[in-house]
Amino acid sequence: MTTTRFAPSPNGSLHLGHAFSALIGHDLAQARAGRFLLRIEDIDGARSRPELAEEFRVDLAWLGLTFEEVPAQSTRLASYAAAAERLRQMGLLYPCTCTRSHIEALSPRMGAEGLIYPGTCKGATIDPALPAAWRLDVEAALARTGPLTWHDELHGPQTADPREFGDVVLVRKDAPASYHLAATLDDAADGVTLVTRGMDLFAATHVHRLLQALLGLPVPRWHHHALLMDDTGQKLAKRRGSPSLADRRNAGEDGRALAERLRKGAFPAGISLANA
Ligand code: GLU
């Protein structure tokens with residue numbers, strides 16, 4: 001059975017890009033008589049606004065989407081800590097006390113997700129008094145797993161290349177897991193067989209595939225859909241003030257009609273699909 005998911009972070013209201021993504025996950029599940037899950041990704045303590053979870057549920061219902069909600073990430077911290085401990089026991093994590101400005105000052109290479117960490121703390125003696133993140137030793141991890149592949153329904157077979165990210169943080173200084181670790185564990189725990197999300201997370205899948213291999217998790221398929229862009233060619237984003245779904249709903253717009261238009265590719269003025 002196909003199980004898809006929509007996994008928003010409650011750090012801002014949902015916008016049209018989220019509606020588009022949720023519709024794709026919902027409709028793919030429906031077309032295959034499968035399940036469509038909602039998972040609130042609220043590990044980002046400082047930025048999470050708990051009241052937004054309810055807003056998201058109402059938004060999805062307004063669009064005419066039915067979903068099954070699975071437990072929010074904030075209730076799963078023990079599973080993240082256990083997985084991090086396993087990786088630590090395997091000798092694949094190392095503590096890192098570098099700050100962002102310290103890393104920037106080292107002029108590292110740019111990778112898929114910004115600066116590639118140059119490995120300064122790997123093998124170094126760490127001051128235990130300083131807050132530490134835990135990073136994955138990607139070379140050691142790959143030496144253990146060997147080459148890995150994954151499959152995207154839209155983009156075909158892929159060879160995992162997690163080096164594009166460098167030694168990613170799996171346990172943050174300020175949170176018990178990073179997005180990569182939490183989302184990978186949750187997709188497995190929730191029985192997700194088709195990870196539906198935007199192209200902005202395509203490269204992250206290389207890291208997720210590596211984590212699956214290390215932790216013995218089932219390997220789903222992926223469906224990374226094109227992103228909606230605004231008229232400046234940038235992806236819609238909460239921080240650029242794209243109108244939220246809640247604003248549209250409160251203004252009396254018909255959510256189901258909006259969903260139908262998005263399905264047909266009839267986007268509001270100024271909005272288009274990337275590379276379409
Ligand atoms: N929580 C992530 C976000 O809101 C999405 C994660 C995912 O779909 O894997 O951007």
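Put simply, the side chain of Trp62 reaches to within 4.5 Å of the side chain of Leu258, judged on heavy atoms. Counting heavy atoms from C-beta on, the side chains of Leu16 and Pro268 come closer than 4.5 Å. By the 4.5 Å heavy-atom criterion applied to side chains, Ile126 and Cys121 are counted as neighbours. For the pair Asp137 and Glu139, the minimum side-chain heavy-atom distance is below 4.5 Å. Contact check for Thr149 versus Pro157: no side-chain heavy atoms found under the 4.5 Å cut-off. In this structure the side chain of Leu236 never reaches within 4.5 angstrom of the side chain of Leu227, judged on heavy atoms. Annotation: side chain of Pro10 is not in contact with side chain of Arg49 (no heavy-atom distance under 4.5 Å). Here the side chains of Gln158 and Trp222 are not in contact, with every heavy-atom distance at 4.5 Å or above.
Closest approach of Val58 and Arg249 over heavy atoms only: CG1-NH1, 3.3 Å. Ala133 and Lys173 make their closest contact through N-CG, 3.6 Å (heavy atoms, listed as atom of the first residue, atom of the second, distance). Residues Phe36 and Gly25 approach most closely at CD1-C, 3.5 Å, considering heavy atoms. Across all their heavy atoms, Arg76 and Ala189 have their closest contact at NH1-CB, 4.0 Å. Considering every non-hydrogen atom in both Ala175 and Ile43, the closest pair reads CB-O, 3.7 Å. Taking all atoms of both residues into account, the shortest heavy-atom contact from Ile103 to Pro118 is CG2-CD, 4.2 Å.
Under the 4.0 Å criterion applied to side-chain N and carboxylate O atoms, Arg5 and Asp190 are not assigned as salt-bridge partners. With respect to the salt-bridge test (charged N to carboxylate O, under 4.0 angstrom), the residues Arg256 and Asp254 do not qualify. Ion pairing of Arg100 with Glu104 is present here, as a side-chain N (NZ or NE/NH1/NH2) and a carboxylate O approach within less than 4.0 Å. Salt bridge annotation for Arg32-Glu153: present, with a cationic side-chain nitrogen under 4.0 angstrom from a carboxylate oxygen.
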Would you sort out whether Asn11 and Ser9 count as a side chain to side chain donor-acceptor pair (under 3.5 Å), showing the intermediate values? CA-CA 6 Å; Asn11 51 24; Ser9 304; 4.7 Å; no
Kindly determine whether Asp186 and Gln73 satisfy side chain to side chain donor-acceptor pair (under 3.5 Å), including the steps that lead there. CA-CA 8 Å; Asp186 292 348; Gln73 289 192 325; 2.9 Å; yes
Take Leu273 and Leu228, measure what side chain to side chain contact (heavy atoms under 4.5 Å, CB included) needs, and give me the verdict at the end. CA-CA 5 Å; Leu273 263 187; Leu228 291 188; 3.7 Å; yes
Quick one: do Arg197 and Glu41 satisfy salt bridge (charged side-chain N to carboxylate O under 4.0 Å, His left out)? Show the steps, please. CA-CA 14 Å; Arg197 61 184 173 208; Glu41 300 215 318; over 6 Å; no
Please report the C-alpha distance between Thr4 and Phe67 in whole Å, then the side-chain angles of each, then the deciding distance to 0.1 Å, and finally whether the side chain to side chain contact (heavy atoms under 4.5 Å, CB included) criterion is met. CA-CA 10 Å; Thr4 65; Phe67 56 89; over 6 Å; no
Going through the distances and angles, do Leu214 and Leu136 end up as a side chain to side chain contact (heavy atoms under 4.5 Å, CB included)? CA-CA 11 Å; Leu214 294 171; Leu136 180 66; 4.1 Å; yes
Could you go step by step and tell me if Thr145 and Leu210 meet the side chain to side chain contact (heavy atoms under 4.5 Å, CB included) rule? CA-CA 8 Å; Thr145 63; Leu210 177 59; 3.8 Å; yes
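Although no hydrogens or angles enter the test, the distance criterion places no donor-acceptor pair under 3.5 Å between the side chain of Trp150 and the main chain of Val219. Remark: side-chain polar atoms of Thr97 are not paired, donor with acceptor, to backbone N or O of Ala132 under 3.5 angstrom. Side-chain atoms of Asp152 come within 3.5 Å of backbone atoms of His224 as a donor-acceptor pair (strictly under, hydrogens ignored). In this structure, the side chain of Thr2 does not engage the main chain of Gly34 through any donor-acceptor pair within 3.5 Å.
Linking ILVMFWY side-chain heavy atoms closer than 4.5 Å, directly or via other members, places Val192 and Leu154 in two distinct hydrophobic clusters. Taking hydrophobic clusters as Ile, Leu, Val, Met, Phe, Trp and Tyr residues chained together by side-chain heavy-atom distances below 4.5 Å, Phe165 shares a cluster with Leu181. Transitive grouping of hydrophobic side chains (ILVMFWY, heavy atoms separated by less than 4.5 Å) brings Leu148 and Val138 into a common cluster. Under a hydrophobic clustering in which Ile, Leu, Val, Met, Phe, Trp and Tyr are joined whenever their side-chain heavy atoms come within less than 4.5 Å, directly or via other members, Ile24 and Met199 fall into different clusters. One hydrophobic cluster, built from ILVMFWY side chains closer than 4.5 Å, holds both Ile40 and Leu52.
A donor-acceptor pair shorter than 3.5 Å cannot be found between the side chains of Thr196 and His225.
Separation of the Phe56 and His18 ring centroids does not fall under the 6.0 Å cut-off.
Rounded to the nearest 0.5 angstrom, Thr205 OG1 and Leu211 CG are separated by 11.0 Å. Atoms CH2 and CG, on Trp134 and Asp167 in that order, are 13.5 Å from each other to the nearest 0.5 Å. Between atom CG of residue Leu215 and atom OG1 of residue Thr184 there is a gap of 8.5 Å, rounded to the nearest 0.5 Å. Separating the CD atom in Gln30 from the CG atom in Leu23 is a distance of 10.5 Å, to the nearest 0.5 Å. Here the straight-line distance linking atom CG of Leu262 with atom OG of Ser21 works out to 11.5 Å at 0.5 Å rounding. The distance from the CG atom of Asp187 to the CD atom of Gln212 is 8.0 Å, given to the nearest 0.5 Å.
Applying the side-chain contact (heavy atoms from CB on, under 4.5 Å) rule to Thr66 yields the partners His26; only residues at least two apart in sequence or on another chain are considered. Residues passing the ring pair (Phe, Tyr, Trp, His ring centres under 6.0 Å) test with His155 are Phe202, sequence neighbours excluded. In terms of the side chain to side chain donor-acceptor pair (under 3.5 Å) criterion, residue partners of Ser74 (sequence neighbours excluded) are, by chain and number, Asp42. Listed by chain and number, the residues in a side-chain contact (heavy atoms from CB on, under 4.5 Å) with Asp231 amount to none (sequence neighbours excluded). Under the ring pair (Phe, Tyr, Trp, His ring centres under 6.0 Å) criterion, Tyr179 pairs with His208, sequence neighbours left out.
For residues 245-274, the ring pair (Phe, Tyr, Trp, His ring centres under 6.0 Å) pairs, not counting sequence neighbours, are Phe20-Phe267.
Surrounding CZ of Arg47 are at most 12 heavy atoms belonging to other residues, nucleotides or ligands under 6.0 Å away.
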